[in-house]
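Every heavy atom of this structure was used, including side-chain atoms; hydrogens, water molecules and symmetry mates were not.
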Amino acid sequence: MTSRMIFSGFGGQGVLVLGEIVATIAMNKGKKVTWMPSYGPEMRGGTANCSVIVSDKVIGSPIVQADIDILCAMNGASVDKFLPKVKPGGLVLVNSSIATKKIQRNDVDVVEIDATNIAGKVGSLRVANMVMLAGFLKKTDLFTLDDITDVLKQRFKGARSQDLIPLNIKAIEYGMEE
């Protein structure tokens with residue numbers, strides 16, 4: 001089985017981290033994985049996306065240009081850019097706090113997640129990507145909450161960033177409840 005994914009949004013929304021977490025979980029499970037970032041020169045506010053491919057077989061190219069299985073779009077520009085490339089039967093996760101235009105395709109599974117507003121309830125808009133990850137977790141069978149927790153502990157180990165783990169877990173739990 002091969003899953004071709006795009007995680008996209010504004011720089012600063014954590015889409016590269018989101019894709020990296022999914023890729024790391026898959027790698028930890030013994031899958032073949034590619035993670036390919038793409039972003040503009042701006043630090044925050046510019047466009048950012050990454051493609052992730054998870055497979056049981058060797059992956060020939062890390063580039064995902066069409067036949068997207070899963071699109072995780074944190075803003076409207078990402079929906080506009082990548083929705084036409086999602087294959088019929090694909091999954092589209094949309095941050096409906098920011099991407100408010102209704103998706104007009106009936107051949108894909110669309111899940112609207114009020115990620116930014118839920119993140120605000122958690123206490124930090126910076127964890128909207130973790131709320132989106134919760135939606136991803138609910139709609140796929142690629143990993144579990146324990147898998148996410150393990151990767152977060154790996155990623156944020158070190159005294160300075162340890163406090164980010166509970167906040168991220170809290171955002172995922174809130175996202176799971178919505």
| query | Closest heavy-atom contact between A99 and V79? | reply | CB-CG2, 4.2 Å
| query | Any idea which heavy atoms bring C72 and M132 closest together, and the distance? | reply | SG-CE, 3.6 Å
| query | Does V122 share a hydrophobic cluster with L164, counting links as ILVMFWY side-chain heavy atoms below 4.5 Å and allowing steps through other members? | reply | yes
| message | Nearest 0.5 Å, please: how far is OH in Y174 from CG in D114? | response | 14.0 Å
| Would you say I148 and L133 make side-chain contact, with heavy atoms under 4.5 Å? | yes
| query | Are I70 and V52 connected in the hydrophobic side-chain network, where two residues link if heavy atoms are under 4.5 Å apart? | reply | yes
| field | Non-hydrogen side-chain atoms of M74 and I98 separated by less than 4.5 Å | value | no
| query | Checking R105 side chain against V86 main chain: does a donor-acceptor pair fall under 3.5 Å? | reply | yes
| said: Is it the case that over 12 heavy atoms from other parts of the model lie below 6.0 angstrom from the NZ atom of K138? | reply: yes
| query | Can you find a heavy atom in the side chain of I169 that is under 4.5 Å from one in the side chain of T149? | reply | yes
| said: Between V92 and I103, is there a side-chain heavy-atom distance shorter than 4.5 Å? | reply: yes
| Hey, mind stepping through V94 and V111 against side-chain contact (heavy atoms from CB on, under 4.5 Å) and telling me if it holds? | CA-CA 6 Å; V94 179; V111 179; over 6 Å; no
| query | Can you tell me if S96 uses its side chain to pair, donor with acceptor, with the backbone of E112 under 3.5 Å? | reply | no
| request: Answer yes or no: is there a side-chain heavy-atom contact under 4.5 Å between F10 and Y39? | output: no
| field | Intermediate values then yes/no, side-chain contact (heavy atoms from CB on, under 4.5 Å), R126 and L167 | value | CA-CA 10 Å; R126 295 184 57 174; L167 181 62; over 6 Å; no
| query | Rounded to the nearest 0.5 Å, how far does OG of S8 lie from CG of N95? | reply | 11.5 Å
| When clusters are formed by joining ILVMFWY residues with side-chain heavy atoms under 4.5 Å apart, either directly or through shared neighbours, do L125 and V131 land in the same one? | no
| said: Strictly by salt bridge (charged side-chain N to carboxylate O under 4.0 Å, His left out), give each pair with a member in residues 51-74 just once, sequence neighbours left out. | reply: K31-D56, D69-K87
| How close do A115 and S97 get, heavy atom to heavy atom, and via which atoms? | N-OG, 3.5 Å
| task | Provide the closest heavy-atom pair for K85 versus K81 in the form atom of the first, atom of the second, distance. | result | CE-O, 4.0 Å
| said: Can you give me the closest heavy-atom contact between G19 and C50, atom names plus distance? | reply: CA-SG, 3.7 Å
| field | Any V54 side-chain heavy atom under 4.5 Å of T2 side chain | value | no
| Donor-acceptor pair, side chain of S38 and main chain of N49, under 3.5 angstrom | no
| remark: Residues passing the ring-ring contact (aromatic ring centres under 6.0 Å, His included) test with F82, sequence neighbours excluded, are none
| Going from CD1 on I113 to CD1 on I118, what distance comes out if it is rounded to the nearest 0.5 angstrom? | 7.5 Å
| When hydrophobic residues are tied together by side-chain contacts of less than 4.5 Å, even through go-betweens, does I68 share a cluster with M1? | no
| request: Supply the atom-to-atom distance I25 CD1 to T144 OG1, rounded to the nearest 0.5 angstrom. | output: 7.5 Å
| request: Starting at CE of M130, measure out to CD1 of I172 and round the result to the nearest 0.5 Å. | output: 5.5 Å
| Partner set under side-chain hydrogen bond (donor to acceptor under 3.5 Å, both in side chains) for D80, not counting sequence neighbours | K101
| task | List the steps and the verdict of side-chain contact (heavy atoms from CB on, under 4.5 Å) for F7 and E20. | result | CA-CA 10 Å; F7 299 88; E20 183 182 349; over 6 Å; no
| Has the side chain of R155 got a donor or acceptor atom that lies under 3.5 Å from a matching backbone atom of I21? | no
| query | For the side chain of S51 and the backbone of P62, is there at least one donor-acceptor N/O pair under 3.5 Å apart? | reply | yes
| message | Side-chain heavy atoms nearer than 4.5 Å, only ILVMFWY residues, links allowed to pass through others: does that put I63 and V33 together? | response | no
| said: So which atom in V64 and which in I53 form the shortest heavy-atom distance, rounded to 0.1 Å? | reply: CG2-CG1, 3.6 Å
| query | Would a distance-only check, ignoring hydrogens and angles, find a side-chain to backbone donor-acceptor pair under 3.5 Å from S78 to G9? | reply | yes
| note | Here the gap from I6 atom CD1 to Q65 atom CD, rounded to the nearest 0.5 Å, amounts to 9.0 Å
| Under 3.5 Å donor-acceptor, D147 side chain and F143 backbone | no
| message | Quick one, Q13 and N129 - any side-chain contact, counting heavy atoms below 4.5 Å? | response | no
